[in-house]
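A short worksheet on the structure shown next.
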Amino acid sequence: MANVEAKTTYLVIRTPEKSFYEGPVEEVLLETPEGQIGILPGHMVMAAAVTAGSMSFKVKGKWLNAFLSEGFVEIDQYKVAILADTAEWPEEIDVNRARRAEERARERLQGQLSHEEYIRSRAALQRAFARLKVSNMKNG
Ligand code: ATP
């Protein structure tokens, strides 16, 4: 029998608030603490943390971009399941809000912070940067 390789994997992106995306995709690019990973159909079983940043996936030859905040991904041969704190399309991102968040985080980082406050402020700055980047990415 011919070995027919699957051309798509099934992507599910959920947040606690909503189902953000669900459907067959040809490729997924995700940010993890170890750097960006690319996921193709037939990927080995794997679980990883997702860091706040841009993510992209290819549907019928077209790349779609979105912002994801911190989360978790489970991958197997047939699917990529992401649970993230928040997910936003470029056009949903309020650029002024992200700029204000960036400004606040920068100000906090200039002061005396506990380790926990430092980690939280760095994470807020990273989310703001990533939102500003994704807001410039057009889909379709
Ligand atoms: P802020 O300080 O502006 O709330 P944040 O990074 O702390 O930013 P999150 O905790 O990541 O915010 O998100 C809280 C909620 O606000 C989520 O529903 C998220 O989608 C929404 N949100 C946050 N920032 C933006 C933005 N710039 N544009 C659109 N929605 C945003």
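Every number for a ligand or one of its atoms is a count from 1 in the order of the listing. Heads up: numbering here begins at 1 and tracks the sequence.
- Between the side chains of Ser69 and Thr86, at least one donor N or O sits under 3.5 Å from an acceptor N or O.
- Protein residues with any heavy atom under 4.0 Å from ligand 1: Thr86, Glu88, Glu92, Ile93, Asp94, Arg97, Ala98, Arg104, Arg127, Arg131.
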Test salt bridge (charged side-chain N to carboxylate O under 4.0 Å, His left out) applied to Glu116 and Arg120, step by step: CA-CA 6 Å; Glu116 197 189 320; Arg120 227 182 302 127; 3.1 Å; yes
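- Under the 3.5 Å distance criterion, with hydrogens and angles disregarded, no donor-acceptor pair is assigned to the side chains of Ser54 and Asn65.
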Intermediate values then yes/no, ring pair (Phe, Tyr, Trp, His ring centres under 6.0 Å), Phe20 and Trp89: CA-CA 9 Å; Phe20 181 74; Trp89 296 112; 4.5 Å; yes
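- Residues satisfying the ring pair (Phe, Tyr, Trp, His ring centres under 6.0 Å) criterion with Phe57, sequence neighbours excluded, are Tyr21.
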Test log, rule salt bridge (charged side-chain N to carboxylate O under 4.0 Å, His left out), inputs Arg131 and Glu102: CA-CA 10 Å; Arg131 282 189 169 108; Glu102 179 189 351; over 6 Å; no
